[in-house]
Amino acid sequence: MSRFMAGKYRNITPYVPGEQPRDAKYLKLNTNESPFPPSPFALRMARTAAGDLQLYSDPDCRMLREVASDKLGVPENGIMFTNGSDEILNFAFMAFCGGETGAVFADHTYGFYAVAAHLNGVKYERIPLKEDFSIDPDDYVGVGKTVFIANPNAPTGLLLPLSDIEKIVSGNPDNVVVVDEAYIDFGGESALPLTKKYDNLLVCRTFSKSCSLAGARLGYGVADEKLIEDLNAIRNSSNPYNVNRMTMAAGVGALCDETYFRSNCEKIIQNREWTKRELSRLGFTFTDSKANFVFAKCGRMGGRELYLALKEKGVLVRHFDVPGIEDYNRITVGSKEQMEKLISVLEGIIS
Ligand code: PMP
């Protein structure tokens, strides 16, 4: 750290993204990307938009909001697009936390929440998961803080039913509840319709997983228009052109290509369930993930040991050196061929 770093940032611990190796020698199952390329229509749209890159992008993302409003059935002024969903999560910490208002989230959840809280000087509390890694919605009722909840949760993949999400939202009428639905398209029921009923709910979503656009960086939030107004004030004060032209066009294309989107989600769900059956056969235990990853523990060796053994054999998964989950690895669900390769490498390691 240089001697010029501002005092308020001297103690931050930045988020550590999953490894992004530059060579193609690894089977990459560590950052929950899609194994499928972006929709061909999305790519055509992005290529066309590239011809206008001399011009700034539309700061209001009007075309994207129009299409999203139509496809998602929510009002245009209740949607805001961002540079990945990490950006809207950070904006939510800036807009709805600080001073007296702290944040609350699960002890094992998306690591970015604690990082964003630190960055913004927000006090936070972690609520322990139950022994089976599930969330008890009663723990989140009337907490008097801004609630951040990933549904399905990461890295467990466990899903809360919509009724439990509604219980948390209605149980905190004077605080914002942020529901992070990065993985909702792989088998969950979205809380989007509840944004019309509750003025304290912000649903955050991403094009990085189910829409195969992780590299384009596109996320969004849906909420009551007053919440979106607050978030826009933060966005316009930090980076008004936060979504570039090509990404915006790719997003429109991806939203329009529903058949491609649905068929890819369906394949991931099938591959996930196949992988669970195979892991079971090999003696692994795992949570009932409804996301595009499985969170699994090998009875015969530690989590870190298995992560290193897999890496040596050219398979990258994600291991968290965090007490309570250190025996587990998070494995992204890829194509059937990729999953077959994973299982055969695992067979070799544990035999
Ligand atoms: N939420 C969760 C739970 C995630 O796992 C991720 C991906 N790391 C994100 C949000 C952010 O994704 P992105 O910024 O690519 O939209």
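One is the number of the first residue; the rest follow in order along the sequence.
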* To do: Answer with yes or no whether the hydrophobic clustering places L89 together with I127; edges join I, L, V, M, F, W, Y residues whose side-chain heavy atoms lie under 4.5 Å apart.
  => no
* Do Y140 and F105 belong to the same hydrophobic cluster, where Ile, Leu, Val, Met, Phe, Trp and Tyr are linked whenever their side-chain heavy atoms lie under 4.5 Å apart, directly or via other members? -> no
* Taking atom NZ of K130 as the centre, does the number of heavy atoms from other residues, nucleotides or ligands within less than 6.0 Å exceed 12? -> yes
* So, does R272 use its side chain to make a donor-acceptor pair with the main chain of S289 at under 3.5 Å? -> yes
* Asked: Is the side chain of Q338 donor-acceptor paired with the backbone N or O of S335 at a distance under 3.5 Å, no angle test?
  -> yes
* Look only at the side chain of N120 and the backbone of V122, and say whether a donor-acceptor pair between them is shorter than 3.5 Å. => no
* Point-to-point distance, once rounded to the nearest 0.5 Å, from CG of N232 to CG of D60 -> 7.5 Å
* Asked: Hey, is the main chain of L129 close enough, under 3.5 Å, to the side chain of D107 for a donor-acceptor pair?
  -> yes
* To do: Identify, with sequence neighbours excluded, every residue that meets ring pair (Phe, Tyr, Trp, His ring centres under 6.0 Å) alongside F91.
  => none
* To do: Could you verify whether a donor N or O on one side chain and an acceptor N or O on the other, from K28 and T31, lie under 3.5 Å apart?
  => yes
* Asked: What do the steps show when you test E273 against R277 for side chain to side chain contact (heavy atoms under 4.5 Å, CB included), and what is the final call?
  -> CA-CA 6 Å; E273 298 309 313; R277 287 194 294 277; 4.0 Å; yes
* Shortest non-hydrogen separation from P40 to D257 and the atoms involved -> CD-OD2, 4.1 Å
* For Y220, all residues meeting ring pair (Phe, Tyr, Trp, His ring centres under 6.0 Å), sequence neighbours excluded -> F81, F207
* Asked: Quick one: side chain to side chain donor-acceptor pair (under 3.5 Å) partners of S210, sequence neighbours excluded?
  -> D185
* Asked: Are I228 and V74 in one and the same hydrophobic cluster, where Ile, Leu, Val, Met, Phe, Trp and Tyr link if side-chain heavy atoms are under 4.5 Å apart?
  -> no
* **Nearest non-hydrogen partners of E33 and A214, listed with the distance** => CG-CB, 4.2 Å
* To do: Determine whether more than 12 heavy atoms belonging to other residues, nucleotides or ligands lie under 6.0 Å from atom CD of E131.
  => no
* Say you draw a straight line from CG of L53 to CG of N244; how long is it, rounded to the nearest 0.5 Å? -> 7.0 Å
* **Main-chain N/O of A233 paired to S237 side chain as donor or acceptor, under 3.5 Å** => yes
Listing, residues 340-351 side-chain donor-acceptor contacts under 3.5 Å, not counting sequence neighbours, or none:
residue: S344; atom: OG; partner: K341; partner atom: O; Å: 3.4
residue: E347; atom: OE2; partner: R281; partner atom: NH1; Å: 3.2
residue: E347; atom: OE2; partner: R281; partner atom: NH2; Å: 2.8
residue: S351; atom: OG; partner: E347; partner atom: O; Å: 3.2
residue: S351; atom: OG; partner: G348; partner atom: O; Å: 3.3

* What's the verdict on side chain to side chain contact (heavy atoms under 4.5 Å, CB included) for V178 and V176, showing C-alpha distance, side-chain angles and the deciding distance? -> CA-CA 6 Å; V178 180; V176 173; 4.0 Å; yes
* Indicate yes or no for a side-chain donor-acceptor contact from N200 to the backbone of V169 under 3.5 Å, with no hydrogens or angles considered. => yes
* Structure fact -> The side-chain contact (heavy atoms from CB on, under 4.5 Å) partner of N172 among V177, T146, L201 is V177
* Asked: Is Y15 reachable from L119 through a run of hydrophobic residues whose side-chain heavy atoms are each under 4.5 Å from the next?
  -> no
* To do: Quick one: name the residues clustered hydrophobically with L55, using the 4.5 Å side-chain heavy-atom rule over I, L, V, M, F, W, Y, and just say none if it's on its own.
  => none
* When you look at E266 and I268, which way does the side chain to side chain contact (heavy atoms under 4.5 Å, CB included) test go after all the steps? -> CA-CA 5 Å; E266 202 39 58; I268 294 293; over 6 Å; no
* Are side-chain heavy atoms of V115 and P14 found at a separation under 4.5 Å? -> no
* Just by distance, do the side chain of T48 and the backbone of R44 share a donor-acceptor pair under 3.5 Å? -> yes
* Determine, step by step, whether I234 and D230 satisfy the side chain to side chain contact (heavy atoms under 4.5 Å, CB included) criterion, reporting the C-alpha distance in whole Å, the side-chain angles of both residues, the deciding distance to 0.1 Å, and the verdict. => CA-CA 7 Å; I234 302 281; D230 298 342; 5.9 Å; no
* To do: Check whether any side-chain heavy atom of Y9 lies under 4.5 Å from a side-chain heavy atom of M1, and answer yes or no.
  => no
* To do: Output yes when a side-chain donor or acceptor of T247 lies under 3.5 Å from a complementary backbone atom of R217, and no otherwise.
  => no
* Structure fact -> Members sharing L316's hydrophobic cluster, built from side-chain contacts under 4.5 Å between Ile, Leu, Val, Met, Phe, Trp and Tyr, are Y26
* **Spacing of NZ belonging to K276 relative to CE belonging to M339, to within rounding of 0.5 Å** => 13.0 Å
* Asked: Do S190 and R205 have side-chain heavy atoms sitting under 4.5 Å apart?
  -> yes
* Asked: Any side-chain donor-acceptor pair under 3.5 Å between T332 and N32?
  -> yes
* Asked: For F293, what residues pass the ring pair (Phe, Tyr, Trp, His ring centres under 6.0 Å) criterion, not counting sequence neighbours?
  -> Y183
* Asked: What is the distance from atom OH of Y113 to atom CG of D86, rounded to the nearest 0.5 Å?
  -> 9.0 Å
Do any side-chain atoms of residues 157-168 form donor-acceptor pairs under 3.5 angstrom with protein atoms, and if so which ones, sequence neighbours left out?
residue: E166; atom: OE2; partner: K197; partner atom: NZ; Å: 2.7
residue: E166; atom: OE2; partner: Y198; partner atom: OH; Å: 2.5
residue: K167; atom: NZ; partner: D138; partner atom: OD1; Å: 2.7

* Go through the structure and list residues passing ring pair (Phe, Tyr, Trp, His ring centres under 6.0 Å) with H118, not counting sequence neighbours. => Y124
* Ring centres of F295 and F286 under 6.0 Å apart? -> no
* Pairing residues for K71 by the salt bridge (Lys or Arg N to Asp or Glu O under 4.0 Å) criterion, not counting sequence neighbours -> E258
* Asked: Does P240 offer a backbone N or O that forms a donor-acceptor pair with the side chain of N236 under 3.5 Å?
  -> no
* **Distance, nearest 0.5 Å, that separates CG of L255 from CG of L218** => 8.0 Å
* Selection residues 308-331 - residue pairs positive for side chain to side chain donor-acceptor pair (under 3.5 Å), sequence neighbours left out -> E19-K311
* Structure fact -> When rounded to the nearest 0.5 Å, the distance separating CG of L202 from CG of L231 is 6.0 Å
* **Distance-only side-chain donor-acceptor flag, N242 / T82, under 3.5 Å** => no
* Asked: Going by atom types alone, do N83 and Y241 pair a side-chain donor with an acceptor below 3.5 Å?
  -> no
* **Validation row: I79, S69 side chains within 4.5 angstrom (heavy atoms)** => yes
* Heavy-atom side-chain contact between L72 and L192 under 4.5 Å -> yes
* Got V252 and M248 here, is their nearest side-chain heavy-atom distance under 4.5 Å? -> no
* Sequence neighbours left out, what passes side chain to side chain donor-acceptor pair (under 3.5 Å) with K145? Give chain and number order. => E125
* To do: Please answer whether the main-chain N or O of M80 pairs with a side-chain N or O of R65 as donor and acceptor at a distance below 3.5 Å.
  => no
* **N11 CG: over 12 foreign heavy atoms closer than 6.0 Å** => no
* So if you build clusters from Ile, Leu, Val, Met, Phe, Trp, Tyr with side-chain heavy-atom gaps below 4.5 Å, do F112 and I135 land together? -> no
